[in-house]
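Before any comments, here is the structure.
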Number of protein chains: 2
Amino acid sequence: MLKKERQAHILHQLNIHNRVSSSWLSESMQVSEDTIRRDLQELAESGKVIKVHGGALSLSFSEFNINNNPVYGKDEKQRIARKAISLIKNNMVVLTSGGTTIIELAKSLPRELKATFISGSIPAILEYCNHPNIDVIVIGDKISKNSKITIGADAIAKIKSLRVDICFLGINAIDVQHGVSDDDWDVAQLKKVMIESAQKVAALAISEKIDTFQPISICPLQNLDYLITELDPDDERLEPYKKNSITLI
Amino acid sequence: MLKKERQAHILHQLNIHNRVSSSWLSESMQVSEDTIRRDLQELAESGKVIKVHGGALSLSFSEFNINNNPVYGKDEKQRIARKAISLIKNNMVVLTSGGTTIIELAKSLPRELKATFISGSIPAILEYCNHPNIDVIVIGDKISKNSKITIGADAIAKIKSLRVDICFLGINAIDVQHGVSDDDWDVAQLKKVMIESAQKVAALAISEKIDTFQPISICPLQNLDYLITELDPDDERLEPYKKNSITLI
DNA sequence: AATAAAACTGCATAAAACAGCATAAAAACT
DNA sequence: AGTTTTTATGCTGTTTTATGCAGTTTTATT
């Protein structure tokens, strides 16, 4: 087998699998690992593959493309935020959960928007505070360290006493069978009452969370009014969610 | 599975769930926990994740800590903070007001201190959150934009229901005749009830605020147990405050 | 304060990378 | 054709890297 052939074969395999291991290549083409190593070295030097210990990765390998922006998945979250904002009208009272998507929403709020935001998420509150025209109401209680959100009976009681126009939930998992679910019991309780206290409920999720589930159930799909992802509302991945009278945005 | 693959997988999981546990990763990728630990270590060193005991957190979960605008009189406030901390013992319940001096206090808390902190000041809460051994309780209510602190009937009622070991007040004005005073009516109300709810009250003030007064009175000197400034307790400027059974620190 | 889980340390090992050499085939040149 | 040069490949021994394991220390939780 000629050198060029071999290298072409390697590139081909990389296109298919996004990864190859030296040992496997050596085996499948019946050449020594040294030869493979030298092939990979050349391909890497001419920038066609990414060489790593034990093999090579395709250029399209996520880390090197996506990871140029420091916050993973930030663009997606900003798209979601923009869509979510279209639901907020002046003088509305808005309840928000925690999570990075919600923080992105908080950061993206247009300056001229005038509304009341209620939340127990410290980072979100901080963002709301920096906004010129937004009234901020804090849900008090004990803070859960890892999610930086207030949780507990007081928080739940306070949320129950509310009746807000719309509630934005940053969700961790959603699928047709289980509905919205989470892996933190306290946070799940909080989200449950948030849903009850809101006229409209919007779930915010990057598409990677679609069709996943976690141990603690929050609500069935029927309770949601909007599902907002970074995808086009007509994307086929969202098809199963259409029949549940959820508005896809 | 190649190392980079694994690390990319970890980042991907983090993107979805915001946090991952080492044990789960180790299980799901069939490698030892040591390997995972080393992966997380590398990712943390290159600043792609935040390593915590038992796993790792997504970066986007701490990026709101970039709040380092210069503080007026920072050195003095740090000195005050150090003195104030000497009053806090393990397992105490501490109530704090807002203000930059209090935030300096929050930042200076020693890692090994184990206590419960209660506050309605968002910046202070954020600092408490980043401390490993401190339980944080948030006083909820409407936020006063300029002081980033919760104010209102709910906050006052909640504080009244407390009985804390010690209360730290960042104060705006103090003099012998009027006692502690302030220029914000809401904040003053809040501080009044804080004082009532605490066994001991410590007032924190840089020396510039000594012997000044403002329109709204909070309490007479008699209600204070400690007065903490950046000055030496024997400084002559503090002489008038000694006879009021206040401990100068 | 006691306990269990996780992190670290140092070591062992296997796999992979590397450097240098040998060789054989291919290419280039006389 | 014969010689030299270049290129490609494999081999040997050494170095580096990746990973797991055992024992200890640290951290979190109750």
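Throughout, protein chains are lettered first and strands after them, A, B, ... in sequence-line order, and every chain is numbered starting at 1.
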Given the options Val180(A), Leu169(A), Leu95(A), Leu227(A), Val201(A) meets side-chain contact (heavy atoms from CB on, under 4.5 Å) only with Leu169(A)
Neighbour count >12 (heavy atoms, 6.0 Å) for atom CD, Gln199(B): yes
First and last nt of DNA chain C near chain B, cut-off under 4.0 Å to heavy atoms, 5' to 3', are dA6(C) to dT9(C)
Got a list of side-chain donor-acceptor pairs under 3.5 Å for residues 153-163 of chain B, not counting sequence neighbours?
unit_1    : atom_1 : unit_2    : atom_2 : d
Asp154(B) : OD2    : Lys158(A) : NZ     : 2.3
Lys158(B) : NZ     : Asp154(A) : OD2    : 2.3
Ser161(B) : OG     : Lys158(B) : O      : 2.7
Arg163(B) : NH2    : Glu196(B) : O      : 2.6

Thr229(A) and Ser207(A): side-chain donor and acceptor closer than 3.5 Å? no
Partners of Asn133(B) by side-chain hydrogen bond (donor to acceptor under 3.5 Å, both in side chains), sequence neighbours excluded? none
What is the per-nucleotide protein-contact pattern of nucleotides 13-28 of chain D, from the 5' end, where B denotes a base atom under 4.0 Å from a protein heavy atom, S denotes such proximity for sugar-phosphate atoms only, and - denotes neither? ----SSBBBB----SS
More than 12 foreign heavy atoms under 6.0 Å from CD of Gln41(B): is that the case here? yes
For Leu87(B) and Ile249(B), run side chain to side chain contact (heavy atoms under 4.5 Å, CB included): C-alpha distance rounded to whole Å, both residues' side-chain angles, the deciding distance at 0.1 Å, then the answer. CA-CA 10 Å; Leu87(B) 292 175; Ile249(B) 302 182; 3.8 Å; yes
Whether the Ser32(B) and Thr35(B) side chains hold a donor-acceptor pair (N or O, under 3.5 Å, no angle test) is what I'd like checked. yes
Counterpart residues, salt bridge (charged side-chain N to carboxylate O under 4.0 Å, His left out), relative to Lys51(A) (two or more places apart): none
Note, DNA chain C 5' to 3' with Watson-Crick or G-U pairs under 3.5 Å encoded as ( ), [ ], | and . gives ||||||||||||||||||||||||||||||
Which pair of heavy atoms, one from Phe168(B) and one from Leu105(B), lies closest together, and at what distance? CG-CD2, 4.0 Å
Hey, does Lys4(A) reach any base, or is it just sugar-phosphate, or nothing, if we go heavy atoms under 4.0 Å? nothing
